[in-house]
Colleague: 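One structure is given below, represented as C-alpha cells, and several questions about it will come after.
Residues: numbered from 1 along the sequence shown. Since this is a predicted model, take the numbers as computed values, not measurements.
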Amino acid sequence: MGILRVLVNTMGRVSTFRSYQFVLLLTAALAVVAFYFFGSERHDFSSTTKRIKQTQASHNTNRNDADLSLDTRLVHPEGGELERDGEEGEVRARRADSGHEVSQYYHALMMFTKVDKSRSLQEKFRVAMLSMAKYSLFLDKEVLVLHFVSDEASRELGERMLPELLLVGTFQYEVVFHDVGVLSQKLFPIVEAMQKHFSAGSGAYYSDAIFFLSVAMHHIMPADLQRIVQLDLDLKYRSNIRELFLEFDLFPPGAVIGIAREMQPVYRHTFWQYRKENPQSRVGEPPPDGLPGFNSGVMLLDLGAMRTSALYNQLLEPRNVAQLADQYHFRGHLGDQDFFSMIGMEHPGLFHQLACGWNRQLCTWWREHGYGDVFQLYYRCEGPVYIYHGNCNTPIPDD
C-alpha cells in the first residue's frame, strides 16, 4: 500500500510541473518501487549465518569471532560445520559428516578454567593451540578430539578463540567442553581422602577435586574412551602431537600412565625427612639412577589399563594413600603430580617414562632456592625437544 500511495501522489502532481520535472519525479517513483521490491527479501539470522559460513568455507577461513556464540556452530578450517550435542555437563562441537569413515580418534584434554579472567592464561592458550595446529599431522580418516574442562565463561571464550587458533591446521578435529562443576562432583568422593596429603590447604575442598582429575579419570569418563593425553595449558609444541600418542604402544606390561620426570629437585626437598632416615635411598635423587619424581604437564593415561589394574585401584583407597604418605612422610601441594610421584617411588612399574623432550620444563625456581649445587643434575635434558613446558610462568623460547 505504501508503494501505491507514493505513485498516486506523484501522478496527481504531474499536471503542475513542466515535462522535465515530470521525468524527474517519475524516475524517483521508479526508484522507490525498485527499493521496496528488491529490498523486500527477508534475511533472518539463520540464512545470514549460512551465507557467512559458505563464504568462509570458500576462502578456507574463519576469522570473524563475532559470529561464534553459544547458539552458533564452530566451523572447521576447511569448511565443515561442527554441530553441537552433548551429555550432562558436556558441550560438544562435532565436525559434520564429511563422507569419510573415521578410522581412529585421538583424545587430548586440557584444563580451561578461569581463562576468561586472565590475560596470561589466554596468551598461553593462544601459544599452545597455534603451535599444536602448526605441527600436527594426521591421516585423512583420523580425528583429533580436544577436550576442555571449563567453566561457562571460559567455555564461551574458548569457542570464540579456537576456530582462528586452529585455522592453520590441516587435520580434522572435534571439540568437547566438560563442565568443571559436574566433573568435580563426580571426582570428590573418589579423591577426597587424598586431597589433604597433596593439596595446598589443610582440608579437602570440593573445588580442589578437579586437580586430581587424571588420578581417577578412568572412573568418570565413558567406558569406550580407552586412551587420552592430558596436557597443561602452558605448553608450546615443536613436533607432531600424533607422535606422542605412539608412546602408548611402548608401555611395558603393567604400566598405566606415561609421564616425564620432574626436572627440578622438587622431590629431593619434599622427601627430605624420608631421605634423612634412609640415606641410601634413591628417592629424590637425580637421573639417571635416582627417582626424581614426575611432572604432570604431559601425561598419557591408558584408561583401559587403569580400569583393569588391581594394583593401581588399590592405591586409590584411602587407607593405602594414608599408609604411603606416612611411610614417606609426604606432604605435597601439587595435586595429581604429587600422588603419582609418591606411588612411583614404591611402584615404578606403573609408569612408562617419557623422554624429557616430551615435557621440557623450563622453570628454574629451585636453582635460586637452596639447590643451586645440584640443580643441573635434574634440569639437564639431552636429545630433541618435542614440547616446551613454561611452568612457573617461565618464558618459552621462540622458534
Colleague: Testing the 3.5 Å rule here: is there a donor-acceptor pair between the side chains of S154 and D116?
Modeller: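 The criterion, which ignores hydrogens and geometry beyond distance, is satisfied for D116 and S154.
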Colleague: Search all heavy atoms of D208 against all heavy atoms of Q195 and return the closest pair with its distance.
Modeller: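 Nearest heavy atoms, D208 then Q195: CB-NE2, 3.4 Å.
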Colleague: Answer yes or no: is there a side-chain heavy-atom contact under 4.5 Å between I257 and L350?
Modeller: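 In short, these two side chains do not touch, never coming nearer than 4.5 Å.
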Colleague: To check you understand the geometry: which heavy-atom pair defines the closest contact between A355 and A260, and what is its length?
Modeller: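 Distance-wise, the nearest heavy atoms are O-CB, 4.3 Å.
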Colleague: Aromatic rings F271 and Y267: how do their planes relate, parallel, tilted or perpendicular, breaks at 30° and 60°?
Modeller: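 Aromatic pair F271/Y267 classed tilted.
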Colleague: Side chains of Y379 and R367 only: does a donor on one sit below 3.5 Å from an acceptor on the other?
Modeller: no
Colleague: With a 4.5 Å cut-off on side-chain heavy atoms, are I259 and V298 touching?
Modeller: no
Colleague: Are H352 and F251 close enough that their ring centers fall under 6.0 Å?
Modeller: yes
Colleague: Is there a path of hydrophobic side-chain contacts, each under 4.5 Å between heavy atoms, that joins I343 and L334?
Modeller: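 Same hydrophobic cluster.
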Colleague: Who pairs with F245 by ring pair (Phe, Tyr, Trp, His ring centres under 6.0 Å), at least two apart in sequence or on another chain?
Modeller: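 So F245 forms a ring pair (Phe, Tyr, Trp, His ring centres under 6.0 Å) with Y106.
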Colleague: Got S199 and F211 here, is their nearest side-chain heavy-atom distance under 4.5 Å?
Modeller: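 With C-beta onward as the side chain, the pair stays apart.
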Colleague: Nearest 0.5 Å, what's the CG-CZ distance between L165 and R160?
Modeller: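 CZ of R160 is found 12.0 Å from CG of L165.
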Colleague: Mind running side-chain hydrogen bond (donor to acceptor under 3.5 Å, both in side chains) on D302 and H218 for me, showing each step along the way?
Modeller: CA-CA 8 Å; D302 189 332; H218 60 297; over 6 Å; no
Colleague: Looking at Q264 and W366, would you say the former's side chain and the latter's main chain have a donor-acceptor pair under 3.5 Å?
Modeller: yes
Colleague: Going by distance alone, is a donor N or O of one side chain under 3.5 Å from an acceptor N or O of the other, for D338 and H197?
Modeller: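 Checked: D338/H197 side chains show no N/O donor-acceptor pair below 3.5 Å.
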Colleague: How long is the straight-line distance from CG of L235 back to CD of Q361, given to the nearest 0.5 Å?
Modeller: 10.0 Å
Colleague: Would you confirm whether the ring centroid of F375 sits within less than 6.0 angstrom of the ring centroid of Y371?
Modeller: no
Colleague: Establish, from distance only, whether the side-chain atoms of E277 and H329 form a donor-acceptor pair under 3.5 Å.
Modeller: yes
Colleague: Establish, from distance only, whether the side-chain atoms of E346 and Y328 form a donor-acceptor pair under 3.5 Å.
Modeller: yes
Colleague: Run E262 and N295 through side-chain hydrogen bond (donor to acceptor under 3.5 Å, both in side chains) and show every step you take.
Modeller: CA-CA 5 Å; E262 172 60 45; N295 182 279; 3.1 Å; yes
Colleague: Could you tell me whether F330 and F198 have their ring centroids closer than 6.0 angstrom?
Modeller: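 Close enough - the centres of the two rings lie under 6.0 Å apart.
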Colleague: So, taking the atom named CE in M263 and the one named SG in C356, what distance separates them when rounded to the nearest 0.5 Å?
Modeller: 4.5 Å
Colleague: Does the ring center of F112 lie less than 6.0 Å from the ring center of F125?
Modeller: yes
Colleague: Scan residues 243-257 for pairs that pass salt bridge (charged side-chain N to carboxylate O under 4.0 Å, His left out), counting only residues two or more places apart or in two chains.
Modeller: R227-D249
Colleague: Determine, stepwise, if the pair Y378 / R261 fulfils side-chain hydrogen bond (donor to acceptor under 3.5 Å, both in side chains).
Modeller: CA-CA 9 Å; Y378 294 85; R261 62 176 174 84; over 6 Å; no
Colleague: Less than 4.5 Å apart, any side-chain heavy atom of V283 and any of N278?
Modeller: no
Colleague: Counting C-beta onward and ignoring hydrogens, is there a side-chain heavy-atom pair between V215 and L316 closer than 4.5 Å?
Modeller: yes
